[in-house]
Participant: 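Structure provided below as structure tokens; questions to follow.
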Amino acid sequence: MEYIPAKSIVNRTKNSSWFGTEYNMNIYRGCCHGCIYCDSRSDCYHNEDFDRVKAKADALRIIRDDLASKVKIGVVGTGAMSDPYNPFEEELLLTRRALTLLEAYGFGVAIATKSDLITRDIDVLTSIHRTMPAICKITVTTCDDELAAKVEPRAPSPSRRLSAVERLSAAGLFTGILMMPILPFLEDSPENIQTVVDRAADAGARFVYPALGMTCRAGQREYFYQKLEAQFPGRGLADRYQRRYGPRYKCASPKARKLWEVFREACNRRGLLYTMGSIVAASRRGHETDQLSLF
């Protein structure tokens, strides 16, 4: 494991409407899940050798000092740039110990991950949830393990992730699915959308939050096209993307409007939340008095 220097780790977010997070925390840099579409590969992040995971040196002391210096208690998001439950976390325990610090200082947490290793920390997450929101977001863009193995080759399978959703939900944690990105020409079928929603509901998820398309920019785009040709030979997918989207950053599915209707109907039928406002409100329900008393 390579360790890299950091001055601070828990920082204010630019967009507090994203799952109600006031702060962001990335303990690791880079990711070894190998997802062919990952936006974090983009040149603008200056993260060379992205597939190699690095940890921030003296991370726990920095996180402790960051939390102690905050004037306002809030929800800390993690998983935006690198998965906090990469395989190295199983032994390093940096994410787990960071969660215990959040609990000690009275902060909530919103975790995004593709790993079922998150279930290891149900005990700490449950303790946080007693006084502050603890939101568990598991990414699932397809329930087809074979397809997922091509677009997310080193991440735990969707089957394992859905099992994690079931365990987290059974423990009483506010858990749901990030259905993003839905890759055009690969995952943007009504059947796929319907299946993800139904499997999420069956696992006890409270919400599904979608992105019916993907992002694509310099650095990420070239890697994505190369992997499309390698993983799906003879289908001409890279050419289809180039013809339709060119240099665009946002690449919405050509079927986005139809898929949204399918998605919304499925969520309403299964009783799942799917708008950001309703998700944030539900995650904070029961914690309003606790949060106000901390100021």
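Residue numbers count from 1 along this sequence. The shown structure was predicted, so the numbers you read here are calculated from the model rather than taken from an experiment.
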Participant: Going by the salt bridge (charged side-chain N to carboxylate O under 4.0 Å, His left out) test, which pairs reach into residues 93-117, not counting sequence neighbours?
Facilitator: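 Every salt bridge (charged side-chain N to carboxylate O under 4.0 Å, His left out) pair that includes a residue of residues 93-117, provided the two are not neighbours, is Arg96-Asp121, Arg96-Asp123, Asp116-Arg160.
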
Participant: Quick test of your reading: applying salt bridge (charged side-chain N to carboxylate O under 4.0 Å, His left out), list the pairs with at least one residue in residues 267-279, sequence neighbours left out, ordered by first then second residue.
Facilitator: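 Those involving residues 267-279 are Asp198-Arg269, Asp198-Arg270, Asp202-Arg270, Glu265-Arg269.
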
Participant: What residues, two or more places apart in sequence or in another chain, satisfy salt bridge (Lys or Arg N to Asp or Glu O under 4.0 Å) together with Arg248?
Facilitator: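 Counting only residues at least two positions away or on another chain, Arg248 forms no salt bridge (Lys or Arg N to Asp or Glu O under 4.0 Å).
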
Participant: Under the ring-ring contact (aromatic ring centres under 6.0 Å, His included) test, which residues partner Tyr241, sequence neighbours left out?
Facilitator: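 Here the qualifying residues are Phe185, Phe224, Tyr245.
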
Participant: Could I get the full list of side chain to side chain donor-acceptor pair (under 3.5 Å) partners for Gln231, not counting sequence neighbours?
Facilitator: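 Scan of Gln231 (side chain to side chain donor-acceptor pair (under 3.5 Å), adjacent residues dropped) gives none.
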
Participant: Starting from Leu178 and following side-chain heavy-atom contacts under 4.5 Å between hydrophobic residues (I, L, V, M, F, W, Y), which residues can be reached?
Facilitator: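 Direct or chained contacts put Leu178 with Trp18, Phe19, Ile135, Phe174, Met180, Phe207, Tyr209, Leu273, Met276, Ile279, Val280.
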
Participant: Going by salt bridge (Lys or Arg N to Asp or Glu O under 4.0 Å), name the residues that satisfy it together with Asp43, two or more places apart in sequence or in a different chain.
Facilitator: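 Once residues adjacent in sequence are excluded, Asp43 has no partner under the salt bridge (Lys or Arg N to Asp or Glu O under 4.0 Å) criterion.
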
Participant: Could you list the residues that satisfy salt bridge (Lys or Arg N to Asp or Glu O under 4.0 Å) with Arg120, not counting sequence neighbours?
Facilitator: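 Here the qualifying residues are Glu89.
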
Participant: Take atom CD in Glu2; do more than 12 heavy atoms of anything else shown fall under 6.0 Å from it?
Facilitator: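 Buried by this count: over 12 neighbours within 6.0 Å.
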
Participant: List the residues meeting side chain to side chain donor-acceptor pair (under 3.5 Å) with Thr126, not counting sequence neighbours, and say none if there are none.
Facilitator: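 In terms of side chain to side chain donor-acceptor pair (under 3.5 Å), with neighbours along the sequence ignored, Thr126 is linked to no residue.
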
Participant: Excluding sequence neighbours, so at least two apart, what forms ring-ring contact (aromatic ring centres under 6.0 Å, His included) with Phe263?
Facilitator: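 For Phe263 the ring-ring contact (aromatic ring centres under 6.0 Å, His included) partners, ignoring immediate neighbours, are Trp260, Tyr274.
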
Participant: Tell me the salt bridge (charged side-chain N to carboxylate O under 4.0 Å, His left out) pairs involving residues 216-238, sequence neighbours left out?
Facilitator: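 Pairs touching residues 216-238 that pass the test: Asp39-Arg217.
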
Participant: My understanding is that only residues two or more places apart in sequence, or in another chain, count here; which of them pass salt bridge (Lys or Arg N to Asp or Glu O under 4.0 Å) with Arg244?
Facilitator: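 Applying salt bridge (Lys or Arg N to Asp or Glu O under 4.0 Å) to Arg244 gives none.
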
